[in-house]
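One structure is given below, encoded as structure tokens.
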Amino acid sequence: SGPGGNIYDLGYQAYDGPRLGRRATFGALFRQAVRACYGLGRGGRAKIVPWGLAALLVIPAGVSVAIAALAPGAPIPYTYDNYLWDTQVLLAIFVAAQAPELVSSDQRHHVLSLYFSHALERTDYALAKLCALAAAVFGLALVPLLVLFFGRVLLAQDVAEAFGNEIENLPQVILAPLLYAIPLSGLSLATSGDYRNYFQ
């Protein structure tokens, strides 16, 4: 008699559902990376930096709106033109903290081969991470400008007229965060991981 063995039924079943392909894989990776940038789905310590910086970015906008409400006619410290320039160090801290986590954690946990074994190209991986970080920075920079925008509108005596006057500033409110998000994200990701692993 030879050596014996046991057979265990672990309940594995074949997947018969739809295979969504490369685009869906890219979207799933993008969404997961955006959540990771904000510390969502992770422990409390992972939320300290992103949400702490978000609060620090919004406070000056709130102060500006409060000054406009309490002292009409007083000089406002922050406007659409200088807000992101004066607070850009907070955006730089955000990308410096979150970019390494986006790429280095995958390398540290050796999951890159798992990603690339599915319908995901190596360039897709890098682009998804870049788009996710840029989207996270864009959202972080957009919120305080929206606080300024709606503060100006809601504090006016004629809200409809004020909205009509402020609507011409809306392209600046949207484009200015984008101009900060793309270069900051690209530079931080380029210096955060060893991208030779993606293209070998």
Side-chain angles (χ1 to χ4, degrees), residues 23 26-42 46-99 101-102 127-192:
R23 180 180 299 180
F26 181 95
L29 182 60
F30 169 81
R31 290 189 295 272
Q32 182 272 334
V34 171
R35 287 174 54 84
C37 286
Y38 292 128
L40 301 177
R42 299 165 61 193
K47 297 179 176 65
I48 294 175
V49 171
W51 293 103
L53 291 173
L56 291 176
L57 274 165
V58 172
I59 287 173
V63 170
S64 295
V65 172
I67 291 175
L70 299 175
I76 305 301
Y78 292 103
T79 64
Y80 302 130
D81 296 326
N82 67 356
Y83 195 92
L84 293 181
W85 178 260
D86 291 345
T87 59
Q88 62 180 316
V89 64
L90 297 176
L91 298 176
I93 294 173
F94 178 82
V95 296
Q98 301 309 105
E101 184 61 31
L102 283 183
L127 184 60
K129 296 289 184 174
L130 174 61
C131 292
L133 184 58
V137 176
F138 175 79
L140 206 65
L142 178 65
V143 170
L145 295 185
L146 289 178
V147 171
L148 289 178
F149 180 87
F150 287 108
R152 290 184 175 187
V153 171
L154 296 177
L155 290 176
Q157 293 182 348
D158 189 340
V159 173
E161 181 182 358
F163 183 81
N165 294 333
E166 290 294 325
I167 198 68
E168 64 184 17
N169 295 315
L170 197 57
Q172 181 181 3
V173 169
I174 295 174
L175 290 178
L178 194 62
L179 293 177
Y180 279 85
I182 294 175
L184 280 175
S185 301
L187 181 61
S188 60
L189 282 177
T191 58
S192 295

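What you see below is based on every heavy atom in this structure, not just the backbone, and it leaves out hydrogens, waters and symmetry mates. Predicted model, so just to flag it, every value in this text is computed and none were measured.
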Smallest separation among heavy atoms of Ala135 and Phe30, with atom names: CB-CZ, 4.0 Å

Approximate separation, where rounding is to 0.5 Å, of Leu187 CG and Thr191 OG1: 5.5 Å

Pairs involving residues 172-187, ordered by first then second residue, that meet side chain to side chain donor-acceptor pair (under 3.5 Å) (sequence neighbours left out): Asp81-Gln172

From CA spacing to verdict: side chain to side chain contact (heavy atoms under 4.5 Å, CB included), Ile182, Leu178: CA-CA 6 Å; Ile182 294 175; Leu178 194 62; 4.1 Å; yes

Within residues 169-184 or reaching into it, pairs that qualify as salt bridge (charged side-chain N to carboxylate O under 4.0 Å, His left out) - sequence neighbours excluded: none

Qualifying salt bridge (charged side-chain N to carboxylate O under 4.0 Å, His left out) pairs, either residue in residues 27-37, two or more places apart: none

Which donor-acceptor pairs under 3.5 Å do the side chains of residues 138-158 make with protein atoms, sequence neighbours left out?
from	atom 1	to	atom 2	distance (Å)
Asp158	OD1	Ala160	N	3.3
Asp158	OD1	Glu161	N	3.2

With sequence neighbours excluded, residues passing side-chain hydrogen bond (donor to acceptor under 3.5 Å, both in side chains) with Asn169: Glu166

Spacing of Leu133 atom CG and Leu189 atom CG [to the nearest 0.5 Å]: 5.0 Å

Side chains of residues 47-66: which donor-acceptor pairs under 3.5 Å do they make with residues two or more places apart or in other chains?
from	atom 1	to	atom 2	distance (Å)
Lys47	NZ	Gly39	O	3.1
Lys47	NZ	Arg42	O	2.6
Trp51	NE1	Tyr38	O	2.8
Ser64	OG	Pro60	O	3.1

For Tyr78, all residues meeting ring pair (Phe, Tyr, Trp, His ring centres under 6.0 Å), sequence neighbours excluded: Tyr83

For residues 88-98, run the donor-acceptor check on the side chains, cut-off 3.5 Å, and write out each pair with its distance to 0.1 Å, sequence neighbours left out.
from	atom 1	to	atom 2	distance (Å)
Gln88	NE2	Trp85	O	3.1
Gln98	NE2	Cys37	O	2.8

Pairwise side-chain contact, Pro177 with Val137, heavy-atom cut-off 4.5 Å (strictly under): no

Heavy-atom pair with the smallest gap, counting every atom of Asn82 and Pro77: ND2-O, 3.3 Å

